[in-house]
Amino acid sequence: MTTALALDAAFSPHTDRGVSEDALTMRRRISELYDDMAVTQTVGQRLYEIYNALWENYNECSIENWDGYGAESVTEADLDAAFRFLRTLPTSIPSPEISFDPDGEFAFEWYRGNDLLSASIGRLGRISYAARFGHRKVHGTEYLGDEAPHVIITNLERLFS
Amino acid sequence: MKLLTSLLRILRGCFRKTPTVHQDEPLARFLTSKTQFSIRDNYVKLGAFLPNKNNETSVFRVADLSEQSIWDIGDKDGPRRTIYGRADFGARCVETVKLRLVLDKSPSRHGNIVGWPADKDEQKAYARDIANMSQLKIRP
């Protein structure tokens, strides 16, 4: 599984900000490749389902105090950050569970038995995560750039290896 | 005389017995979004325990109550939203993760988990551990 994830990372949609001719060409190629993958039954269907789930849940939580405990509403900026994060993940990673935090951030969670990785995405790209692998527990903060933070990918690999 | 009455009131307040929670006492956190739990895999997600903007997580003491009475408390004194389920856990869990339970006078069975760290990732780590020690109860 680790090998599969590593190989798959090559096909992850990057969001580079290069402006040279080469960069633009590369970006277009990657985008075309990504579009091709998106229309396939396996990858496309999965992305479609995740995006649908994001939208449905966004509607539920886009009002103040959606949980009755004083939660902040989820904004379009949060939704945008959630989309950006999802697009940086290798496509071979199983679909995450989607939930919301009281501060209005989207949370993505992956479970395997009793192990888990939970990552909350803030509108400014801050990723707060906590994970458990058997007796080993980790947590930390990363920031979303052009790619998913290495530590997030590493922990996902650990979870599904 | 007024001064003496005030003084007596203050002294009485000082010696009033503060309600305490036994370590084995069961607590409940009412779940108001279907995204806070998984019926298929029978667990409560850690986000259900994260604190609100006042850095508090609202819970209820549910010792010696029937199942129906617990749901009734949720409807009457709880979050005023549709309650889909609840997370049951022991008061011990709160101390295990080095948080504290502060009881309210009204509603009488209400309390707040307090002492949350400021950093979100640390909050998630604490909530992860409480969620792991909790049991999901779906509302019939």
Side-chain angles (χ1 to χ4, degrees), chain A residues 53-54 56-61 63-74 96-122 124 126-143 149 151-152 155, chain B residues 29-60 74-87 96-97 110 112-113 116-134:
Chain A
L54 276 182
E56 280 174 24
N57 293 320
Y58 170 72
N59 286 330
E60 179 193 330
C61 301
I63 52 166
E64 280 293 318
N65 194 23
W66 53 265
D67 65 350
Y69 295 113
E72 292 177 39
S73 60
V74 180
E97 296 266 343
I98 298 168
S99 59
F100 302 94
D101 295 342
D103 59 1
E105 294 186 349
F106 276 89
F108 297 102
E109 291 177 354
W110 292 265
Y111 289 82
R112 192 178 187 204
N114 206 33
D115 295 349
L116 80 104
L117 169 66
S118 173
S120 298
I121 318 302
L124 298 178
R126 184 190 68 176
I127 303 172
S128 311
Y129 69 92
R132 180 181 58 238
F133 310 104
H135 293 296
R136 186 174 160 75
K137 297 172 182 176
V138 295
H139 63 88
T141 302
E142 296 287 331
Y143 285 86
V151 68
I152 298 292
N155 282 320
Chain B
R29 166 80 167 168
F30 292 107
L31 307 174
T32 54
S33 168
K34 289 178 183 172
T35 65
Q36 292 173 322
F37 57 89
S38 166
I39 295 179
R40 188 190 62 190
D41 298 317
N42 193 38
Y43 60 76
V44 181
K45 295 181 188 174
L46 66 85
F49 292 97
L50 287 174
N52 62 16
K53 60 186 87 171
N54 299 322
N55 231 20
E56 297 171 337
T57 299
S58 166
V59 296
F60 282 85
D75 290 334
K76 184 169 162 279
D77 299 326
R80 306 201 189 290
R81 291 284 183 279
T82 302
I83 291 172
Y84 298 103
R86 65 176 203 261
T96 302
V97 296
H110 185 253
N112 284 307
I113 299 175
W116 291 92
D119 291 337
K120 176 86 181 272
D121 63 302
E122 284 190 62
Q123 292 180 354
K124 284 175 75 79
Y126 285 25
R128 170 199 61 202
D129 293 343
I130 299 177
N132 190 44
M133 292 181 271
S134 72

Under a 4.5 Å heavy-atom cut-off, does chain A meet the side chain of B:Asp129, its backbone, both or neither?
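Side chain only.
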
Please classify the contact of B:Arg128 with chain A as side chain, backbone, both or neither, using a heavy-atom distance under 4.5 Å.
both

For B:Thr35, what residues pass the side-chain hydrogen bond (donor to acceptor under 3.5 Å, both in side chains) criterion, not counting sequence neighbours?
B:Ser33

Would you call B:Lys45 and A:Glu109 a salt bridge, taking side-chain N to carboxylate O under 4.0 Å as the test?
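Salt bridge: no.
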
Could you look at A:Ala53 and say if it's the side chain, the backbone, both or neither that has a heavy atom under 4.5 Å from chain B?
neither

For chain A, find which of B:Lys34, B:Gln36, B:Glu56, B:Glu122 contributes the most heavy-atom pairs closer than 4.5 angstrom.
B:Glu122

Measure the [atom1]-[atom2] distance between [X] and [Y] for me, rounded to the nearest 0.5 Å.
| X | Y | atom1 | atom2 | answer |
| --- | --- | --- | --- | --- |
| B:Arg40 | A:Tyr111 | CZ | OH | 11.5 Å |
| B:Asp121 | A:Ile127 | CG | CD1 | 12.0 Å |
| A:Tyr69 | B:Thr57 | OH | OG1 | 9.5 Å |
| A:Ser99 | B:Leu50 | OG | CG | 8.5 Å |

Are side-chain heavy atoms of A:Asp67 and B:Asn52 found at a separation under 4.5 Å?
no

Run the ring pair (Phe, Tyr, Trp, His ring centres under 6.0 Å) test against B:Phe30 and tell me which residues pass, sequence neighbours left out.
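Once residues adjacent in sequence are excluded, the partners of B:Phe30 under the ring pair (Phe, Tyr, Trp, His ring centres under 6.0 Å) criterion are B:Phe60.
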
Among A:Cys61, A:Ala71, A:Gly122, A:Ala130, the residue with the most heavy-atom pairs under 4.5 Å to chain B is A:Ala130

Look at A:Asn57, A:Leu116, A:Asn65 and state which one has the largest set of heavy-atom pairs under 4.5 Å with chain B.
A:Asn65

Any chance you could lay out the side chain to side chain contact (heavy atoms under 4.5 Å, CB included) test for B:Gln123 and A:Asp101, step after step, and finish with the verdict?
CA-CA 11 Å; B:Gln123 292 180 354; A:Asp101 295 342; over 6 Å; no

For A:Asp103, run the salt bridge (Lys or Arg N to Asp or Glu O under 4.0 Å) check against B:Lys124, B:Lys53, B:Lys120 and tell me which one passes.
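Answer to the salt bridge (Lys or Arg N to Asp or Glu O under 4.0 Å) test with A:Asp103 among B:Lys124, B:Lys53, B:Lys120: B:Lys120.
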
Search all heavy atoms of B:Ala125 against all heavy atoms of A:His139 and return the closest pair with its distance.
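Of all heavy-atom pairs spanning B:Ala125 and A:His139, the closest is CB-CD2, 3.7 Å.
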
